[in-house]
Amino acid sequence: MKASQLILGTQRENPADAEITSHQLMIRAGLIRQVSSGIYNWLPIGKKVLHKVENIIRNGMDSSGAQEILMPMVQPASLWEKSGRIDQYGQELLIFFDRHENKFCLGPTHEEIITDLCKNLLTSYKQLPVTLYQIQTKFRDEIRPRFGVMRSREFIMKDAYSFDLNKTGLDESYSLMREAYIEIFKDLGLDYRIVKADSGAIGGSDSEEFHVLADSGEDLLAFSDKSDYAINAELLTELQEGQDPLSLEGKPSPDGKGVLKLKKGIEVGHIFKLGTKYSEVLNLRIQGEDQDIYPEMGCYGIGASRIVAAAIEQNHDEKGIVWPESLAPFKVALVEVNSKNNQKVKEKCEEIYALLRENNVDTLWDDRDKRPGVKFADMEVIGIPLTIIIGERTIESGHIEIKKRQDEKPELVSHQDLLSIILS
Ligand code: ATP
Ligand code: MG
């Protein structure tokens, strides 16, 4: 892609309302632009990264055997009345009426819709176990949207729902999904932890959250220093009847092994065992081995758009974003320096750009008529892992300058070695 044709949208100034680094950098690197409180446009570079996140999630889900579907964002409020959640969800549920005065809501989650959908789709236990998922826009009228897409009102979630004949089946589907999440977060290249969690408004029994560790995280997590015990401090407070979680540091771990240490996390995924809560209330009955049963359900969310922000919280420096390879919008930035003075500079860029394209190296060729400093600053704030610099010096010396995002100085390489270095 040529930068002269790309809608870059980079900007130098931090937006006044951006309190945390990822929000500042997402605006400065031209990933997102605000439309209204908690509602954002995704610009080309941001969309590319979001697409990478979604594809990593999609691959993990498909490998686990889950099947992708797409449900509507607009949901009949009658289903929420039936499940009893219309009041429980409160004002986060955005309700509106169509021209015929039918009541609808914008989906903050899809337990009601999926359960209703399965009423006609699942008829016999022989079709189980089955897990269906979607990657789709959610709307929650958050009381205090903040931190850009980290806590927005409209956001992209992957939500999956499993259906099983009995509790043993549910345990297996839950474990399978947990394993799939572990693979997904490994592929995303993020430093994360799994903690025991509260089931909140969704309901159900067992539940665990996946957190990306970051000081800007809104959740406090408690870990034993001697075992795998890890819990969201919110739930620990509930279990310990209201003790201040900050007093929960240095205390003995509830599993009897070691003492608790506190860290902050950003919740990027959440898995729940729902049991028969929704299948019963929405009357999803299917033929069992001897008699009709209500399937045991599980639900599993990942915040795709929040992951983009969380990845930046974990991967940045004073110049901008430092993408993990898996999420970088481009692998290489090809920066053309002062080509007006020397026609050979452009020719060399064309040659290298063609070589990289032939080898499927996703490259952003900065062919804009701008000062080198502006180009370098843009490529650095966007966080492209490798920069190739082509200028008069390249033509004179015959060597190509290549710089890793966080290196101070470029390395000089020969034209012959360039490709193997990039592909290594
Ligand atoms: P939180 O505690 O952060 O409000 P939640 O527990 O309400 O989140 P879930 O219902 O578990 O969220 O949703 C699944 C995933 O969707 C979350 O793990 C999170 O990554 C993402 N998510 C939830 N709310 C938002 C939001 N307002 N903006 C962006 N992502 C969100
Ligand atoms: Mg949650």
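As the structure lists them, so they are numbered: ligands from 1, and atoms in each ligand from 1. This is a predicted model, so every value here is computed, not measured.
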Distance under 4.0 Å to a non-hydrogen atom of [X]: what atoms of ligand 1 satisfy this?
{"X": "Val149", "answer": "29 (C)"}
{"X": "Val268", "answer": "18 (O), 20 (O)"}
{"X": "Gly269", "answer": "18 (O)"}
{"X": "Arg140", "answer": "5 (P), 7 (O), 9 (P), 10 (O), 12 (O), 13 (O), 23 (C), 24 (N)"}

Pair Glu68, Tyr133: side-chain N/O donor-acceptor within cut-off below 3.5 Å: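 Yes, side-chain donor-acceptor contact under 3.5 Å.
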
Lys403/Glu380 salt bridge by N-O under 4.0 Å criterion: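 Salt bridge between Glu380 and Lys403, a charged N being under 4.0 Å from a carboxylate O: yes.
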
Ligand 1 contact on Arg151 by region, counting heavy-atom pairs under 4.0 Å: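 The part of Arg151 near ligand 1 is both the backbone and the side chain.
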
CA sep, side-chain torsions, deciding dist, call: Trp42, Val49, side chain to side chain contact (heavy atoms under 4.5 Å, CB included): CA-CA 10 Å; Trp42 287 79; Val49 177; 5.9 Å; no

Close approach, Arg153 and ligand 1, non-hydrogen under 4.0 angstrom: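 Distance cut 4.0 Å: Arg153 fails for ligand 1.
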
Pairs flagged by side-chain hydrogen bond (donor to acceptor under 3.5 Å, both in side chains) wherever residues 171-181 is involved - sequence neighbours left out: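 Of all non-adjacent pairs touching residues 171-181, those that pass side-chain hydrogen bond (donor to acceptor under 3.5 Å, both in side chains) are Lys158-Tyr181, Asp164-Ser173, Asp171-Lys273, Tyr174-Glu208, Arg178-Glu208.
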
Within 6.0 angstrom of Arg144 CZ, more than 12 heavy atoms from elsewhere: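 No, the 6.0 Å shell around CZ holds no more than 12 heavy atoms from other groups.
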
Polar proximity ligand 1 side, Glu142 side, N/O cut 3.5 Å exclusive: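 Yes - when backbone and side-chain N and O of Glu142 are compared with those of ligand 1, one distance drops under 3.5 Å.
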
Nearest candidate to atom 2 (O) of ligand 1, where distance is taken over non-hydrogen atoms, out of Glu267, Arg306, Glu218, Glu154: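 The nearest heavy atom belongs to Glu267.
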
Side-chain donor/acceptor of Ser36 to backbone N/O of Ile39, under 3.5 Å: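 The answer is no, because no donor-acceptor pair under 3.5 Å joins these two groups.
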
